[in-house]
Student: 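Okay, handing you the structure first.
Everything quoted here is computed from the prediction, not taken from an experiment. Residue numbers run from 1 in the order of the sequence given.
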Amino acid sequence: MKLVVVSAGLSVPSSTRLLADRLAAATGRYTSVDVQVVELRDLAVEIAHNFTSGFPGRALSAALEAVTEADGLIVVTPVFSASYSGLFKSFFDVLDQDALTGKPVLIAATGGSARHSLVLEHALRPLFAYLRAVVVPTAVYAASEDWGAEGLAERIDRAAGELGRLMEGLGSGAGAGRRAEVADTAGAADKADASVVVDTDTAAAIAPRSLDGALASADRFTVIPFEQQLAALRP
């Protein structure tokens, strides 16, 4: 499976990139992954040009494609002004709004003080929830004093394990099929004025006899016209 790491560190060497690399290595212990790193520092000019021209450059286009096609993401940003960096946000602003739908994402950040650790919950998690990604429960923040101290390695391992298991379940193969099924079901449910999506395993036990034929032809889910539902409920 393909794991893409997005690092928004600006310095060389970068503690943001160091945290990203450790998270990627830990994820590789839980599932087999092909890791690709996207360094936003190298794409800053192209990202700015994309805002003014509406077209990504070659390097930015390749990075956007890699993120879109990834089975899982690790995203790491330094903390600027109590939030993610402008470069980090700008990259996800030019990404297609549907690119992360259903994609497992591990969020992480670095900063000079532990006082900024809540940036993960008040800034990063809402951002990726808005983009409809599946954000792992454990987020990782590394302050300057955390490097070499107890606790960071355990948080990295726990978050990486959660990401690895999500990638196994959602990132490819049957998992991708389940994501498509969920999307199709949601799309059908949006048309609730015309039809209702029914779980046939449950409905088979409680459906009136007039619905038996429709239910028997479905593999797992079926769409029952609303008029037929009403007719089945009449005496």
Side-chain angles (χ1 to χ4, degrees), residues 1-9 14 16-44 46-47 50 55-78 84-85 87-110 120 124-125 127-140 142 155-184:
M1 287 184 291
K2 183 177 180 181
L3 174 63
V4 173
V5 180
V6 178
S7 171
S14 164
T16 300
R17 175 61 187 272
L18 176 59
L19 179 58
D21 289 343
R22 290 195 178 182
L23 287 166
T27 303
R29 294 195 291 269
Y30 286 92
T31 186
S32 178
V33 291
D34 179 18
V35 179
Q36 179 178 346
V37 178
V38 174
E39 280 280 10
L40 298 187
R41 178 185 63 248
D42 301 333
L43 301 173
E46 289 194 22
I47 292 172
N50 190 94
F55 298 97
R58 182 176 299 177
L60 176 58
S61 181
L64 295 173
E65 182 179 359
V67 168
T68 300
E69 295 180 352
D71 295 304
L73 291 180
I74 294 173
V75 298
V76 191
T77 178
Y84 37 64
S85 72
L87 179 60
F88 181 86
K89 179 61 162 57
S90 295
F91 176 76
F92 289 101
D93 282 343
V94 301
L95 185 69
D96 185 271
Q97 63 179 359
D98 296 321
L100 300 187
T101 300
K103 197 181 300 295
V105 176
L106 192 167
I107 56 174
T110 59
L120 294 165
L124 269 77
R125 196 176 296 276
L127 170 63
F128 289 96
Y130 172 79
L131 294 172
R132 292 174 290 176
V134 181
V135 184
V136 304
T138 300
V140 180
R155 295 198 302 274
I156 288 174
D157 187 70
R158 183 168 64 248
E162 293 168 355
L163 178 62
R165 287 187 288 272
L166 272 175
M167 290 177 66
E168 289 283 354
L170 298 175
S172 62
R178 286 195 293 275
R179 286 208 310 272
E181 180 180 297
V182 169
D184 291 344

Student: Passes side chain to side chain contact (heavy atoms under 4.5 Å, CB included), T68 versus L95? Steps please.
Tutor: CA-CA 8 Å; T68 300; L95 185 69; 3.9 Å; yes
Student: Just wondering, do P56 and L64 contact through their side chains at under 4.5 Å, heavy atoms?
Tutor: yes
Student: Taking all non-hydrogen atoms of both residues into account, name the closest pair between V135 and A129 and its distance.
Tutor: CG2-N, 4.4 Å
Student: Do you know which two heavy atoms are closest between Y84 and L127, and how far apart they sit?
Tutor: CE2-CD2, 4.0 Å
Student: Test side chain to side chain contact (heavy atoms under 4.5 Å, CB included) on R125 and I107 and set out the steps.
Tutor: CA-CA 7 Å; R125 196 176 296 276; I107 56 174; 4.0 Å; yes
Student: Do V4 and E69 have side chains that get closer than 4.5 Å, going by heavy atoms?
Tutor: no
Student: Could you tell me whether a side-chain N or O of E46 sits under 3.5 Å from a main-chain N or O of L60, the two making a donor and an acceptor?
Tutor: yes
Student: Could you check whether any side-chain N or O of Q36 sits under 3.5 Å from a backbone N or O of A66, counting only pairs where one atom can act as donor and the other as acceptor?
Tutor: no
Student: Side chains of T110 and T16: donor-acceptor distance under 3.5 Å anywhere?
Tutor: yes
Student: Pair F88, V75 - check side chain to side chain contact (heavy atoms under 4.5 Å, CB included), show working.
Tutor: CA-CA 9 Å; F88 181 86; V75 298; 3.9 Å; yes
Student: Please find the pair of heavy atoms, one from A24 and one from V5, that lie closest to each other, and give the distance.
Tutor: CB-CG2, 3.9 Å
Student: If we only count heavy atoms from C-beta on, is the K103 to L131 side-chain gap below 4.5 Å?
Tutor: no
Student: Residues in salt bridge (charged side-chain N to carboxylate O under 4.0 Å, His left out) with R165, at least two apart?
Tutor: none
Student: Could you point out which residue of L73, V35, D71 forms a side-chain contact (heavy atoms from CB on, under 4.5 Å) with K2?
Tutor: D71
Student: Among residues at least two apart in sequence or on other chains, which ones pass salt bridge (charged side-chain N to carboxylate O under 4.0 Å, His left out) with K89?
Tutor: D93
Student: Using side chain to side chain contact (heavy atoms under 4.5 Å, CB included), reason through L19 and I156 one step at a time and then give a plain yes or no.
Tutor: CA-CA 9 Å; L19 179 58; I156 288 174; 3.9 Å; yes
